[in-house]
Structure formats: C-alpha cells, structure tokens
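Report on the following structure.
Note: hydrogens, waters and symmetry copies are ignored here, and every other heavy atom, side chains too, is used.
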Amino acid sequence: MALGGNPIFNGKNFRGATQAPPVPQAQYGQNPYGQPQYGQNPYGQAPGRAPGQVMDAQGGWMAQQQNMTHDQLQQMYNQPAAGPAETGRMTFDDVIIKTAACLGVLMAGAAVTLFVSMPLASLLMIVGALGGFVLALVNTFKKQPSPALILAYAGLEGLFLGGLTRVLDGLYPGVGLQAVIGTLSVFGVTLLLFKSGKVRATPKAMRFFMIAIIGYAVFSLVNMVMMLTGLQNEMFGLRSVEIFGIPLGVFIGLLAIGLAAFSLIMDFTSIEEGVRNGAPERFSWTAAFGLTVTLVWLYVEIIRLLAILRGDD
C-alpha cells in the first residue's frame, strides 16, 4: 500500500480491508489448515456414524452429484470459477462505475451555478466548500463507506467548483474550459504511465512527496492567514508576489499539480492492491471517493494557475 498519500486510502478501514489475510499458524500440538488429528473422524464425520457416512450437508451434495448425468457433471466442471464480482469482491469495473457516478453528481452540482445569479453562485461556492470539507472528514473517518454521503460530498464539491469556475471565468474568460481539459489530460497521462509501469509509488518517491506536501501545506496555511488578516491584499495572496518577474504562484502551482498527479499514482496503487487482495465490494465507494477528492484538488490547482498566468498578462 502506498502509505503517506491520500488519507482516504491510508485510513485503517480501507487499508485493513485491502490487506491480504495472514496465513493461519497452528499452535503447538495442533495440525494446521483444519487437518484432523490422529484418532479424529476425518471429513466432518460425526461420532457414532458408520465409516464413510458424512454429515448432512456433504451427504446432500454427494447425493445430488449421484443423481446427475455424466453430461451434467461435465458441464458443471467445465464452468469457469467464480470471479470477484460473483463473490462480492471489489473490481476495477466497480470503481470505474462509482467514480463515474461521483463525477456525474459533481457535474450536476456545478451546472446549478450556471443558471443562477452571480451573487447566489458565489454563496453556493462558499456553502459547497464548507459542506464539502465537513463531508470529506466524515467520509474519511467513517468505518463503513456510505454511498449517500459520498454522493452528497460530490454534489457539494460541484457547487464549489462551479461557483469558483464562474467567478474566475468571468475575470479571465476561457480558464474554465482550459482547466477541465487540463485536468482530464493530466488524469489520462497519469493513468497511462501507471498502466505502463513507467511511474510507480516507490519508497524514494514517497519520501520526496511527503516532504513536498508538508511544505506546500505550510505555505498554503501561512498564505491563508495572511489573506484573512489583511497582510496580503492581492487576489491570490503570496502567490501574486513576483520573483524575477514571474508570480510565485506559477512555481507553487506547478509543484501542486505535480503533487496531485503523483497522488493519483498512489490512488491507482491502492485500488490495484485492493482488487488483488479481494477487498469487499462496498469499498469501491471508498476508492471512488478518494479519486474524486484528488481530481477536485487537481482541478483547483490548474484553474488557479491559469488565472494567475492570465492575471500577469
């Protein structure tokens, strides 16, 4: 598991569900794997039964087999083994479908802000940001994934992203569409690189990611405090400060986009391990939630970078 990345995938619930079960270890004097000890009746034979007489469930199954014809038995044995979907395990298709559902609800929420007045869209943006933050915490620490709460999070984030896009697109026409294209492009390239095996969440890369993400979090916190206290009156705070004629936000934005892209790599790694280790199907909602959170972060960083670049023209 790619520890240190998305906290949704690193929570004890998802991580515990995706870890392979340990090999059973027999205590001293016991036979492993349920093998009968010397003197015990093998194959589930109950005491007092005649040799060869098995318990009811097994006896019923053997009697059913005896009533089958040769062709029926051959057809039964030729059928493929039950896959993850038949056994209630998480599959890639489950994750794709549920992620698409989350993104669909998100887009519906964003569309709402296009049909209301600008003041109302700004208010919905604030409501979506605060509500989405609260539900993100609830869904992250919830023991079992709740599809309703996850979809509600997606809807609130849609209000936030839609309101943000409308505000910035009003100031810098075209940045909204460019941000959508940029987000899809980064996601697609990242997925292709992951599938090809050229980019992996190695321990060395994870150490760099942790250092960079902590530094970015500290910068974002300081920048927010300075903007709220009036120490920075620029629209993007410290990001608007120029270094050699280039806004600091350009360097910070490129770093943040790189961190979000690598976070996608870690998300893909966690999902792959969950499918391989047979995580329960319900945790595909957790995987979809984690991907949605990362994509929201990626979109925000891209549209902010585009706005900074346009504002510097």
Side-chain angles (χ1 to χ4, degrees), residues 5-6 92 95-116 118 121-122 124-125 128-129 132 136 151 153-196 198-199 212-213 216 220 235-236 239-240 246-268 271 287-313:
N6 195 327
F92 290 114
V95 177
I96 292 172
I97 292 173
K98 291 174 176 59
T99 302
C102 289
L103 295 180
V105 173
L106 188 148
M107 292 175 63
V112 171
T113 63
L114 300 178
F115 300 99
V116 298
M118 180 60 75
S122 300
L124 291 176
M125 177 183 69
L151 292 175
Y153 162 82
L156 288 171
E157 287 297 334
L159 295 178
F160 165 62
L161 295 184
L164 177 65
T165 302
R166 186 166 178 184
V167 170
L168 293 180
D169 202 72
L171 296 172
Y172 314 106
V175 295
L177 178 60
Q178 293 169 5
V180 171
I181 295 174
T183 302
L184 294 176
S185 300
V186 173
F187 178 81
V189 171
T190 304
L191 181 59
L192 289 176
L193 290 175
F194 176 79
K195 292 295 291 183
S196 67
K198 295 181 179 179
V199 178
I213 198 68
Y216 175 74
S220 299
M235 181 177 181
F236 298 103
R239 287 181 169 87
S240 300
I246 302 176
L248 178 62
V250 173
F251 302 106
I252 298 297
L254 291 175
L255 172 64
I257 291 172
L259 292 175
F262 189 75
S263 183
L264 283 174
I265 294 293
M266 292 185 290
D267 293 351
F268 296 151
I271 293 171
F289 171 56
L291 282 176
T292 303
V293 170
T294 304
L295 288 173
V296 168
W297 175 29
L298 177 62
Y299 178 85
V300 170
E301 296 297 346
I302 290 178
I303 195 171
R304 180 163 49 196
L305 175 61
L306 291 171
I308 292 174
L309 289 173
R310 290 285 297 275
D312 192 49
D313 290 345

> How far apart are the C-alpha atoms of L106 and L295, what are their side-chain angles, what is the distance that settles it, and do they pass the side-chain contact (heavy atoms from CB on, under 4.5 Å) test?
Replying inline: CA-CA 11 Å; L106 188 148; L295 288 173; over 6 Å; no
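- Contact check for D267 versus L264: side-chain heavy atoms found under the 4.5 Å cut-off.
- Scanning both residues, S122 and V167, for their nearest heavy atoms gives OG-CG2, 4.1 Å.
- Atom OG1 of T165 and atom CG of L114 lie 8.5 Å apart (nearest 0.5 Å).
- Atom CD1 of I252 sits about 8.0 Å away from atom OG of S220, to the nearest 0.5 Å.
- Put simply, CG on L305 and CZ on R239 are 10.0 Å apart, with the number rounded to the nearest 0.5 Å.
- Between I303 and Q178, every side-chain heavy-atom pair lies at or beyond the 4.5 Å cut-off.
- You'll find the side chain of V116 reaches within 4.5 Å of the side chain of R166, heavy atoms only.
- Shown here for T113 and A121, the closest heavy-atom pair between the two residues is O-CB, 3.9 Å.
- Listed here is the closest heavy atom pair of A288 and K98: CB-C, 3.6 Å.
- Here the side chains of F268 and L291 are in contact, with some heavy-atom distance below 4.5 Å.
- With rounding to the nearest 0.5 Å, the separation of CD1 in I308 from CG in L248 is 8.5 Å.
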>> What verdict does the side-chain contact (heavy atoms from CB on, under 4.5 Å) test give for C102 and L151, after you've listed the backbone C-alpha separation in whole Å, the side-chain angles of each residue and the deciding distance to 0.1 Å?
In response: CA-CA 6 Å; C102 289; L151 292 175; 4.2 Å; yes
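- Between I271 atom CD1 and T99 atom OG1 the span is 6.5 Å, to the nearest 0.5 Å.
- Here the shortest heavy-atom pairing between I302 and G182 reads CD1-C, 3.6 Å.
- Rounded to the nearest 0.5 angstrom, L184 CG and Y299 OH are separated by 10.0 Å.
- Two residues are said to be in side-chain contact when any heavy atoms from C-beta on lie closer than 4.5 Å; L309 and Y172 fail this criterion.
- Looking only at side-chain heavy atoms (C-beta outward), T292 and E157 stay at 4.5 Å or farther from each other.
- Residues F236 and A307 share a closest heavy-atom pair of CZ-CB, 3.7 Å.
- Counting heavy atoms from C-beta outward, M235 and L168 have side chains that approach closer than 4.5 Å.
- Note on ring orientation: taking the six-membered ring where Trp is involved, the planes of F289 and Y153 are perpendicular (angle over 60°, cut-offs 30° and 60°).
- The two residues Y216 and L259 make their nearest non-hydrogen contact at CB-CD1, 4.2 Å.
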